[in-house]
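Everything on this sheet refers to the single structure shown next.
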Protein chains: 6
Amino acid sequence: MIFVSRQEHFNAAHKLYNPHWSEEKNTAVFGPCANKNYHGHNYNLIVTVSGTPDPETGFVIDLKKLSRLIRNEVIEALDHKNLNLDVPFMKDKMASTENLVIEIWNLLEHQIPKITSFGKLHSVKLYETPRNFVEYFGPEHSAL
Amino acid sequence: MIFVSRQEHFNAAHKLYNPHWSEEKNTAVFGPCANKNYHGHNYNLIVTVSGTPDPETGFVIDLKKLSRLIRNEVIEALDHKNLNLDVPFMKDKMASTENLVIEIWNLLEHQIPKITSFGKLHSVKLYETPRNFVEYFGPEHSAL
Amino acid sequence: MIFVSRQEHFNAAHKLYNPHWSEEKNTAVFGPCANKNYHGHNYNLIVTVSGTPDPETGFVIDLKKLSRLIRNEVIEALDHKNLNLDVPFMKDKMASTENLVIEIWNLLEHQIPKITSFGKLHSVKLYETPRNFVEYFGPEHSAL
Amino acid sequence: MIFVSRQEHFNAAHKLYNPHWSEEKNTAVFGPCANKNYHGHNYNLIVTVSGTPDPETGFVIDLKKLSRLIRNEVIEALDHKNLNLDVPFMKDKMASTENLVIEIWNLLEHQIPKITSFGKLHSVKLYETPRNFVEYFGPEHSAL
Amino acid sequence: MIFVSRQEHFNAAHKLYNPHWSEEKNTAVFGPCANKNYHGHNYNLIVTVSGTPDPETGFVIDLKKLSRLIRNEVIEALDHKNLNLDVPFMKDKMASTENLVIEIWNLLEHQIPKITSFGKLHSVKLYETPRNFVEYFGPEHSAL
Amino acid sequence: MIFVSRQEHFNAAHKLYNPHWSEEKNTAVFGPCANKNYHGHNYNLIVTVSGTPDPETGFVIDLKKLSRLIRNEVIEALDHKNLNLDVPFMKDKMASTENLVIEIWNLLEHQIPKITSFGKLHSVKLYETPRNFVEYFGPEHSAL
């Protein structure tokens, strides 16, 4: 079992704002992240696939294909977008990194087997800033 | 002459959109950067002061004071903001990194002498992404 | 289960010196790290909390609160300090990154539930230099 | 159980080329990576050892010794080399990062106990570029 | 005058070998860099253009256009190539970073005015590794 | 004229403390940097040499030789040391990054011509932390 990773990035605007709350409560909870006119980030995304190498190529997955898949399925939908307004799969969800990483998992999980028969999606890691980041290992993974 | 630098950062939304142009021309020139709902970045800002060290402290400038100055004068105005809507000094200007760095110079130039008598503002460098960045040495600096 | 991380940093002096050994043995084992007048590092600390997102905020943990907690409980005790002389919880312990990371876990473990009911401390990772680092998952974690 | 890591690096040339295939198939599968005259990378290698600290030193493993071991056993064999032509243990294997990381595991696994009695090899992580990397936890590790 | 920069990268093989010297002298001078089967690097390239912003766009140069130009003129010629064998403009030159950066300047200098009328090429900086790099300001620049 | 740079690093303890001042004034001016038991940093040092390439090697300076020179002349004196107590050339000077960078210039300036006849010392840049750094171009350089 080998874990193979590819990093991509996208730039997006968002705000953290719960529409069921008053503006006061939003500001109290989210502080400047609730700014009604949005702020934004350079997101860094690391997608990891686990498997055993194909003996003919030495690859668990061709990273050029994985890069293209991530760009087609994820970056296209998120890059230079407003996460609250422009992204259908984030509709009616808080635009947190936690929720984003689950959606990115869902976008990729069933696509990976189409580009490799030697591996499957293992984790999705998303840096909102160099100092704030989240990682998700899918719905079947529970705490160690 | 020694050059002393401090790095700070802020997160902001913006779009590149010239209001005197049609939407078509904006999209043709700026591409996804013209997205009407904005996108955003983690900006990294490096401010450099040049001078000779104060013999009593060994400092050209106290970097704790420079950090506080940058945060009060610049970060407060830009962090978790929309550069097109929330920032008075960017009103009626294209929200490009080039224009931003000139405004940051103007915010800091006359404040530096208030916190050191051994140095003056030398340059302002601003990373919009790790791969796109600009630097400005003030209005009196011409090309070498 | 999502893993949410926050990076903070501190600068400290230390030496590696076992008081039960001769100076010769200390130098033989620890080399320049045993220098009696200390040396120091810019430590980078990554704290990871695991849990499921609060549906109202989208957060496993509010990273502003986690940042404040780490700064109050850990950075305050370690930043601009001498790990051998100034830090009560390192008294009579070797000032190694391994021992430090266990103590940081102990400082944080019971504080995390006070700032989130959706997650718990998962790991503490500490970079002594960009090339030397350790990670600890708590006393209940054994090797895979 | 604490996980202690050391990063080293090496620079090498390689190509991805399956000698059982035609040149056309190699180019179709590997693209520019199949360039017959080779290309190359600055590889970054992170070796992680897991264990409990020696109470006398505070160390799971002395990182100076681990650094020296990695340099003697791995870097010496790979640095400024052509992975396809100069490295005996890569003979008749595809020069992929996946295959390389398995060989590095094999070079180190039985050497670690010679320099510490408190830990054993936990993982080998290898960055081919900052955006493409693999990790291996040994033959006994299966997917979670 | 504002300085605007774009970073791109390429991966290449090379060796340092003077054909007018004996193999012994090559090894004595260049050490492992003279390995006859080549080694390689992940090169990072930063191109800086100086000028004043176009008032209509806020840009000295459109960084998407600069990125495309660098990729067409430089990266295409160097990425996944052997600098000694595959690159016409390095023929009969030592494949040093110094010589490479001069050639990259020559490739770009006259192309920049075709994509902006507000700036001109200011410098080319090339990282062979994160710790070894060179910068060139063109043939008309002399030491300060 | 080409500018060639090499990065090295060292780890050191220091404090900022003016012995002609009271402890109160030291604390008021230097804050936690005045901690009597010291703190420390991972310093990163970048040395730049300017010149024209030797046509026989393609080098302004052999970076292996420059690395060895920096390690012999600078790193040996500073690594795993206390800048206030262990370093003769910092005796009776404030242990600021500004003063350190001038001393490093003085250590290197006259050594560079011994290892290359094609270049001379251009600048010394020293990172005390990733966010605080200074650069020095020698005593003959004045502000632009």
Side-chain angles (χ1 to χ4, degrees), chain A residues 1-10 42-71 74-75 105 109 112-113 115-127 130 135-144, chain D residues 1 3 14-22 25-34 39 41 44 46 48 50 83-84 89-106 122-144:
Chain A
M1 181 69 48
I2 292 186
F3 299 80
V4 180
S5 298
R6 172 71 191 168
Q7 182 181 319
E8 298 287 343
H9 64 269
F10 59 92
N42 303 330
Y43 289 89
N44 267 310
L45 171 64
I46 298 175
V47 174
T48 301
V49 169
S50 62
T52 50
D54 175 347
E56 290 202 308
T57 60
F59 287 167
V60 170
I61 190 167
D62 180 337
L63 285 176
K64 288 188 305 296
K65 287 187 187 169
L66 179 57
S67 170
R68 208 178 306 131
L69 178 72
I70 300 169
R71 280 184 279 128
V74 180
I75 305 303
W105 174 280
E109 186 186 11
I112 301 285
I115 58 169
T116 180
S117 45
F118 290 85
K120 63 188 186 50
L121 185 58
H122 175 70
S123 73
V124 175
K125 191 172 187 174
L126 186 60
Y127 287 78
E135 190 166 18
Y136 182 55
F137 295 84
E140 288 166 30
H141 180 92
S142 54
L144 295 179
Chain D
M1 182 67 49
F3 299 80
H14 80 146
K15 66 177 169 184
L16 294 169
Y17 194 92
N18 185 330
H20 306 298
W21 291 352
S22 68
K25 183 160 182 191
N26 273 292
T27 301
V29 171
F30 297 117
C33 297
H39 65 286
H41 299 287
N44 268 310
I46 298 176
T48 301
S50 61
L83 302 180
N84 301 79
F89 58 78
M90 293 301 288
K91 214 90 219 181
D92 303 322
K93 294 195 188 73
M94 294 299 298
S96 71
T97 325
E98 286 91 331
N99 285 341
L100 204 49
V101 86
I102 295 172
E103 296 304 317
I104 294 171
W105 174 281
N106 292 338
H122 174 71
S123 73
V124 175
K125 191 173 187 173
L126 185 62
Y127 286 79
E128 189 177 76
T129 72
R131 299 171 72 176
N132 289 352
F133 56 96
V134 309
E135 190 166 18
Y136 182 56
F137 296 84
E140 289 166 31
H141 179 92
S142 53
L144 296 179

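Residue numbers begin at 1 in each chain, while the letters A, B, ... track the order of the sequences. Values in this document were obtained by computation on a predicted structure and should not be read as measured data.
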Side chain to side chain contact (heavy atoms under 4.5 Å, CB included) between D:Val101 and A:Phe3, worked out: CA-CA 10 Å; D:Val101 86; A:Phe3 299 80; over 6 Å; no
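- Across every non-hydrogen atom of A:His9 and D:Arg131, the tightest pair is ND1-NH2, 3.7 Å.
- Only the side chain of D:Ile102 comes within less than 4.5 Å of a heavy atom in chain A; its backbone stays farther off.
- There is no contact between A:Glu140 and chain D, counting heavy-atom distances below 4.5 Å.
- For chain D, no part of A:Thr52 is nearby; none of its heavy atoms comes within less than 4.5 Å.
- Annotation: salt bridge (Lys or Arg N to Asp or Glu O under 4.0 Å) contacts involving residues 90-106 of chain D, sequence neighbours excluded, comprise D:Lys93-D:Glu103.
- Each of D:Tyr127, D:Tyr136, D:Tyr17 has some count of heavy-atom pairs under 4.5 Å with chain A, and the biggest count is that of D:Tyr136.
- Rounding to the nearest 0.5 Å gives a distance of 7.0 Å between OG of A:Ser5 and NZ of D:Lys125.
- For D:Pro139, no part sits under 4.5 Å from any heavy atom of chain A, backbone or side chain.
- By the side chain to side chain donor-acceptor pair (under 3.5 Å) test, A:Glu56 pairs with no residue at all, sequence neighbours left out.
- Residues of residues 60-67 of chain A lying under 4.5 angstrom from chain D, judged on non-hydrogen atoms, are A:Val60, A:Ile61, A:Asp62, A:Leu63, A:Lys64 by number.
- Minimum heavy-atom separation, D:Ser96 to A:Gly58: OG-O, 2.7 Å.
- Among residues two or more places apart in sequence or in another chain, the side chain to side chain contact (heavy atoms under 4.5 Å, CB included) test is passed with D:Ser123 by D:Thr48, D:Glu135, D:Phe137.
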